[in-house]
Amino acid sequence: MDGTQQQPDRQRRDVSSFWGSSKSFLALGLSVVLITALLVQLLNQDLISSTEMMHNALPGVASLTAAVLAYLGVAHVSDTTDQPGNDNFAIDLSWYPQRPSPITNLTTVINSTGVWGFIYNTSHTPDSQYGTYNWCNMPHVRAKEYPKPPSEYELLYVEVIHRHHLRTPYSSNAFPIEPEPWNCNDIALFSYSSPLSPSSPPSTPAYHSPFTSPLNPFPPSPIGLQGTCEFPQITLPGLTDSHQHGLDLLSVYAPLISPETVAIHVTNNPITTQVAGALLSALLPSTSRTPLLVQNKEIDPLEPQYPCPSSRHLFSRIQSTPEWKSHLSLAKPLFEQLDKISGVPPTDSGFHKSVDHYYDNLSSKQCHSRPLLLRSVTSPDDSIPQEMADAVYRLGQWEYHHLYRGSPDSLKASVASYGVWIAELVSHIQQPIKGQGEVKYRHNIAHDGSISRLLGVLQVEQMHWPGMGAEIVFEIYKLKTKYFVRVLYGGQVLKSSSPMLKGDKNGMTPVGKVVGYLGGLIGLREQGGGTRHDVRRMCNAPVTKI
């Protein structure tokens, strides 16, 4: 079965079940035929040539679909179902385009200057500007800006997922010549094992101290990155930001946080464990030992790492679109200038299939107040000017919008590759409602690819490349006999293009609506006395090539 057929666009469902009626499937079939016919006609007439044009065409498609659903007596989700306690809603699994912005307009991205007021040169955002996109340290939940719900709502459970904080660049993103070494003599990277049994002999904490022997004639690889740091590792500013992040979360969620009620989940990449240590010193300052939950590195759903060929093929298909090819063509003069100054060979595909490598190298330097000046291989007087770095940042923002929100394939790709973590999240959301489990605060430390996929699943209205510390929070509330989910991004209520995630004025969405949407995307169901989902089947489904 094709992966696209496992996520029906609109289904009328009872909130206690994930299965729709036969009438829904009939509506689905007719809707798909009508939508396909309309889109084919538009494409044949060259009326759709960009995401923005498609955005303008889709309301007509939605109206046509709504008419078919209404004729068949199948309700469609509307904003009127967002009132607290209203359980009369349909489950809509459709992809909705994000709101157009300068980031989604490739012409604007190429021809602009600056980076729309975004911050790339410091972790500190003044209080008067808090909420501004800061690549070095993204806004997150903290007491000063926290949107407090009405007092009658009882907070039962919180789940946080955020990207790690400031780090050195990855070794794969190094330039052949890097004039300044990265030294991390102000950090100890601990690496030791200790028995948990008090009857066993203890271990002494030991840490790595990188050095290069003067008798070792072999240069490090890659040659560009020199110094005592590991590539990557969390830097001292990153640890400081991680600790402050923990303090800020504690200022809001302290009633739920104790050694008995907290669970911390990290990926197999050591940088997430490094962040966890600093975070925990703020969240649980009196606790000497805290277990960090980590799954097998081959199948880790948090990073994610489990095998998912269909998702990989879908993302590859997104990078084969005319829009993607056009942006690489328009960026060619920029790549040529960057290659000349940095010494990166024009044949290095890693540096030229996207701006990712250049983006990471330059932003890592700027966030750590390191100069962008660089001696060129061919011209010692050359340097990378700020306007060139800004052009890289603008293109990077466009790339992440296109990959994770700009294409209808982005929802399917993200659902498949992040579906296992979504299944875990839905299970966690339901536990406090069922009176199960002792965990009241769960914290996941992940990566930009993790946050990007999740934002794609949540269909965020405006997609940005998630910077350091970018945070999504799921809050579970009880009001009398009703339960609600509120999703925060950057410390404020997340704005979604999907009607399934549009809450009331306080951001409250009925839990059945959120669980129905997330569970519906992955085929979550109760079967044979346990919970089942279709993620593995989705990952192995064939994907039609363009």
Side-chain angles (χ1 to χ4, degrees), residues 102-103 108-109 112-140 142 145 162-170 173-175 178-184 186-187 224-225 227 229 231-245 248 271 275 278 331 334 337-338 341-342 355-375 382-401 447-448 451 462 464-471 490-491:
I103 291 175
T108 300
V109 167
S112 295
T113 58
V115 200
W116 306 296
F118 296 173
I119 299 171
Y120 279 88
N121 59 0
T122 177
S123 285
H124 176 67
T125 304
D127 285 350
S128 60
Q129 300 177 38
Y130 200 79
T132 300
Y133 178 99
N134 185 336
W135 169 263
C136 307
N137 190 14
M138 294 288 281
H140 53 254
R142 66 179 197 176
E145 296 82 15
H162 77 82
R163 187 187 183 188
H164 58 77
H165 283 278
L166 276 180
R167 55 162 173 73
T168 62
Y170 275 79
N173 300 336
F175 297 158
E178 296 278 3
E180 292 194 14
W182 286 79
N183 290 317
C184 295
D186 48 6
I187 286 182
L225 289 172
C229 296
F231 303 99
Q233 77 166 71
I234 302 299
T235 58
L236 184 58
L239 291 179
T240 301
D241 292 341
S242 301
H243 180 79
Q244 185 60 51
H245 197 158
D248 291 338
I271 61 178
V275 166
L334 175 63
Q337 291 176 295
L338 290 167
I341 298 171
S342 67
V355 298
D356 180 275
H357 285 15
Y358 275 116
Y359 191 113
D360 182 53
N361 187 298
L362 299 177
S363 64
S364 295
K365 290 172 179 173
Q366 291 212 269
C367 285
H368 289 91
S369 300
R370 298 167 69 88
L372 292 177
L373 297 176
L374 182 73
R375 288 187 177 180
D382 279 346
S383 63
I384 296 178
Q386 185 62 53
E387 54 266 28
M388 196 178 294
D390 290 344
V392 170
Y393 302 152
R394 290 196 306 274
L395 280 167
Q397 294 292 342
W398 184 90
E399 289 180 353
Y400 264 62
H401 125 73
H447 307 273
D448 53 352
I451 303 300
Q462 287 196 319
H464 303 102
W465 191 335
M468 303 298 167
E471 170 199 86

Asks: Any side-chain heavy-atom pair from Pro466 and Met138 closer than 4.5 angstrom?
Replies: no
Asks: Apply side-chain contact (heavy atoms from CB on, under 4.5 Å) to residues Met388 and Leu362 and explain how you reach the verdict.
Replies: CA-CA 10 Å; Met388 196 178 294; Leu362 299 177; over 6 Å; no
Asks: Side chains of Val109 and Trp116, heavy atoms from C-beta outward: is any pair under 4.5 Å?
Replies: yes
Asks: For His464, run the ring-ring contact (aromatic ring centres under 6.0 Å, His included) check against Phe118, Trp398, Tyr393 and tell me which one passes.
Replies: Phe118
Asks: Are the side chains of Trp465 and Trp135 in contact, using a 4.5 Å heavy-atom criterion?
Replies: yes
Asks: What I'd like to find out is whether the side chain of Gln386 reaches to under 4.5 Å of the side chain of Thr113, using heavy atoms alone.
Replies: no
Asks: Do His162 and Val275 make a side-chain contact, defined as non-hydrogen atoms from C-beta onward lying under 4.5 Å apart?
Replies: yes
Asks: For Asp241, which of His124, His165, Met468 qualifies under side-chain contact (heavy atoms from CB on, under 4.5 Å)?
Replies: His165
Asks: What I'd like to find out is whether the side chain of Phe175 reaches to under 4.5 Å of the side chain of His357, using heavy atoms alone.
Replies: no
Asks: For residues Ala389 and Ile384, report the shortest heavy-atom separation together with the two atoms involved.
Replies: N-CG2, 4.5 Å
Asks: Is the shortest side-chain heavy-atom distance between Leu334 and Leu395 below 4.5 Å?
Replies: yes
Asks: Using a strict 4.0 Å threshold on nitrogen-to-oxygen distance, state whether Arg142 and Glu471 make a salt bridge.
Replies: no
